[in-house]
Participant: 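Could you have a look at this structure, given as C-alpha cells, before my questions?
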There are 2 protein chains.
Amino acid sequence: MEMNKATQENINSWISQINVDYKLALSVDCVIFGYTEADLFIALTRCDMPPYEGDFSLVGDLVRPHENLDEAAQRILHDRTGLPNVYLEQVQTFGNINRHPLGRVVTVAYYSLIKLDEYYDKLPFDDYMVWKNIKEVKSLAFDHKEILDICLSRLQKQMKEQPVGFNLLPKKFTLNQLQQLYEVVLDLKLDKRNFRRKLKSLDILQDQDEVQTDVSHRPAKLYSFNLAMYHQNGIDGFLF
Amino acid sequence: MEMNKATQENINSWISQINVDYKLALSVDCVIFGYTEADLFIALTRCDMPPYEGDFSLVGDLVRPHENLDEAAQRILHDRTGLPNVYLEQVQTFGNINRHPLGRVVTVAYYSLIKLDEYYDKLPFDDYMVWKNIKEVKSLAFDHKEILDICLSRLQKQMKEQPVGFNLLPKKFTLNQLQQLYEVVLDLKLDKRNFRRKLKSLDILQDQDEVQTDVSHRPAKLYSFNLAMYHQNGIDGFLF
DNA sequence: TCAAAAGTGTTAATGATACACCCATGT
DNA sequence: ACATGGGTGTATCATTAACACTTTTGA
C-alpha cells in the first residue's frame, strides 16, 4: 500500500498556508423545537431563493468572523425569538457539495428547545417566522428536511438519556404534562403509575407545594426540575 | 422583546449573497483509533507550526472544493494509512475563533477505527505518523486534546450502544479478545461468564469452527461478527 | 505433570411491565 | 350528582450481578 506523501503537508503543518482558493461559506442552521398543549412544533421561515421559493426552511445565518459557532447559534436564536439563553446543542455538520444553490455552504446544525407555554405571548408570528406542528412538515428547502429528521432523532435520544425535556415545559408543571411530553416527543405510550414511580425513584423533581388553578377537575400538584438534585444522584440514563 | 429584523436577510434568503469577506478555512481532523494487544492507540503526527512546534497533533487536512465532508475524511484516512473504507463517524465541529494560529479554521472532527492487528505490517511508521498509546497522550497541539477527549467519549458511548468495536478487532477473534476490547476501551472490568451469556443472547456472532493456533494453552474458538444477524435481531443497545 | 487460559450454571437482587380503582375538584 | 382528570400498590416477569471450578492444550 502506498502513501500519499503530498498530504504530509497539511493544515496542521507550518508549510501550508490557508489557501484562499478554498472558498466556502459557513452557516449555522437551528432546528428550534417548541412544545405546547401536547404538540411539538418547529420554527420555520419562508424561503425566497430559487429553486426553493415558497418552501419553508430552517432558521439559519452565516457565521460571522468574530463569533464562535455556539455564539452564532445563540445570536440567531435570540434574533429570531427574542429569548436569551435558549437551550442549544450542536448536532451535526452538513457539507455536501451541492446542498446550497449559491455555492459551497457548509452548515453546522443545532437543535434548540423553547418553552412555548411560557413564552407564547412574546414570540413573533409573522411572515418570517411560523411555528409548524412537526407532524405536518413533509418537506423543506435545501437539505433541511434531512437536518430536521436527524435533529429530531437526536432530541429523542437525548430525551431518553438526559433531562433535556424540561426545557420544553414551563418551570412548574404537573406530572401528567411531563408524561405527555415524553409520549409526544418519543411517540409512545407510557403507563401512568410506572412513569410516576420512575420519576420518584430518580429524585430530581422538587415539589412546589402548589396546585393547578383554573382547571375544572381536581387540580394536580406542580413540580419543577431540580438540576442540583439531578447532579447529586449521578444518574446517567433516564430510559423511557 | 425586540426582533432583529436585519437577520431576516440571511443565508437562506435570496437577497443575501455569499459574502466573501467571511473568509475561513474548513478542515477535517481525524481521531484514528487503533487497537492491538489490549491497548488502545491513536495515530498522531508531529506538528511544526509555531507555537506548537514539536507537539503532536491529530491527522487532518483542508476540505477540498470538490469533496463532501465524509469524502475528505476518507481521503485523509486513506492517504495516511493506505487503507480503503475505514470505519468513520462524524463527531463534532470545532470553530472557536482562535483555535488555529493561521486564522479562522473551522474543523469537523471524525473518529475512525482501525484493526491494527490485521494491518500492522502495512501501516507506515515514520516521522509523520506515530501510534501512541492513548494513556500516554497528555497534551496535543491546537485544541486537539479536547477533540481527542470528546471523540474518545463518543467512541465509548457508541461501544455501549452499537457493534462498532468489531472494527478494532481482526475478522476472527476469540471471546476473550472481545471482552478485553470492551474492558480496555470502556475502562472497566467485566465478568467472563456474564459477558459470554450476554453475547450468546445477542446472537450476533458466527462460530467460525476454528480455533487459535500458536498458543501454549488450550486454544480458544474463533468467532466473527455477523452484521446480518445483528440487523435481524433488531437490537438497539448493547449495554455493558 | 504443570502452567495457562478456555469454558461453563446457579442464585439473588434489581428493575421493568401490566393492570384497576378511589379521590378531589368544578360545574 | 356527575364529569374529569389526579393519584395510588401489587404481582409477575426479565435482566443483571455475583461467584468458582473443571477442561483442554502445549511445553
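Here is the naming used below: chain letters follow the sequence lines, and residue numbers restart at 1 for every chain.
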Participant: Whole angstrom is fine here: how far is it from NZ in B:Lys198 over to P in D:dA14?
Facilitator: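 Nearest whole value for this atom pair: 16 Å.
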
Participant: Cation-pi check, A:Arg46 to A:Phe56: give yes when NZ or CZ is under 6.0 Å from the six-membered ring centre and within 45° of the ring axis, no otherwise.
Facilitator: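 Verdict for A:Phe56: a cation-pi partner in A:Arg46.
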
Participant: Does A:Glu161 pair with A:Lys157 as a salt bridge, N-O distance under 4.0 Å?
Facilitator: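 Yes, this pair counts.
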
Participant: Does D:dG5 have OP1 or OP2 sitting under 4.0 Å from an N or O in the side chain of A:Asn176?
Facilitator: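 No.
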
Participant: What's the NZ-P distance between B:Lys189 and D:dT16, to the nearest Å?
Facilitator: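 Distance check: B:Lys189 NZ to D:dT16 P gives 19 Å.
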
Participant: What's the closest nucleotide to the A:Ala220 side chain, out of D:dT25, C:dA5, D:dG7?
Facilitator: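 So the nucleotide nearest the side chain must be D:dG7.
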
Participant: When you match A:Tyr223 and A:Arg197 each to their closest nucleotide on DNA chain D, which lands nearer the 5' end?
Facilitator: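 Closer to the 5' end of DNA chain D: A:Tyr223.
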
Participant: Distance check: side-chain N/O of B:Asn194 vs OP1/OP2 of D:dA18, anything under 4.0 Å?
Facilitator: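 Answer no for this pair, as no side-chain N or O of B:Asn194 is under 4.0 Å from OP1 or OP2.
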
Participant: Less than 4.0 angstrom between a side-chain N/O of B:Arg196 and OP1 or OP2 of C:dG7, yes or no?
Facilitator: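 Affirmative; the distance criterion is met.
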
Participant: Take the protein atom NZ of B:Lys221 and the nucleotide atom C1' of D:dT23, then report the distance between them rounded to whole Å.
Facilitator: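 Result: 14 Å.
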
Participant: Report the distance from atom NZ of B:Lys200 to atom C1' of C:dT8, rounded to the nearest whole Å.
Facilitator: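 Answer to the nearest Å: 8 Å.
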
Participant: Given atom NE2 of B:His217 and atom P of C:dA6, what is their separation to the nearest angstrom?
Facilitator: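 It is 5 Å, rounded to the nearest whole Å.
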
Participant: Quick one: does A:Lys192 reach the base of D:dG7 with a side-chain donor-acceptor pair under 3.5 Å?
Facilitator: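 By the distance-only test, yes, there is a pair.
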
Participant: Under 4.0 Å between a side-chain N or O of B:Arg193 and OP1 or OP2 of C:dG7?
Facilitator: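 Indeed not, no polar side-chain atom of B:Arg193 lies that close.
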
Participant: Could you tell me if the side chain of B:Leu155 sits less than 4.5 Å from the side chain of B:Val91, heavy atoms only?
Facilitator: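 When only atoms from C-beta onward are counted, B:Leu155 and B:Val91 do not touch, as no gap falls below 4.5 Å.
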
Participant: Determine, for A:Lys171 against A:Glu118, whether the closest basic-nitrogen to carboxylate-oxygen distance falls under 4.0 angstrom.
Facilitator: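 The answer is yes: the pair qualifies as a salt bridge.
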
Participant: Whole angstroms only, please: what is the CZ-P distance between A:Arg218 and C:dA24?
Facilitator: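 Spelled out: CZ on A:Arg218 to P on C:dA24 is 6 Å.
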
Participant: Could you check A:Asp191 against B:Val215 and say which one's nearest nucleotide on DNA chain D is further toward the 5' end?
Facilitator: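 It is A:Asp191 whose nearest nucleotide is closer to the 5' end.
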
Participant: Whole-Å distance between C:dA5 C1' and B:Asp214 CG?
Facilitator: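 Taking atom C1' of C:dA5 as the reference, CG of B:Asp214 is at 15 Å.
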
Participant: Please find the pair of heavy atoms, one from B:Cys30 and one from B:Ala73, that lie closest to each other, and give the distance.
Facilitator: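 Minimum heavy-atom contact is SG-O, 4.1 Å.
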
Participant: Using whole Å, what does the distance between atom P of nucleotide C:dA6 and atom CG of B:Leu175 come to?
Facilitator: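 It is 9 Å, rounded to the nearest whole Å.
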
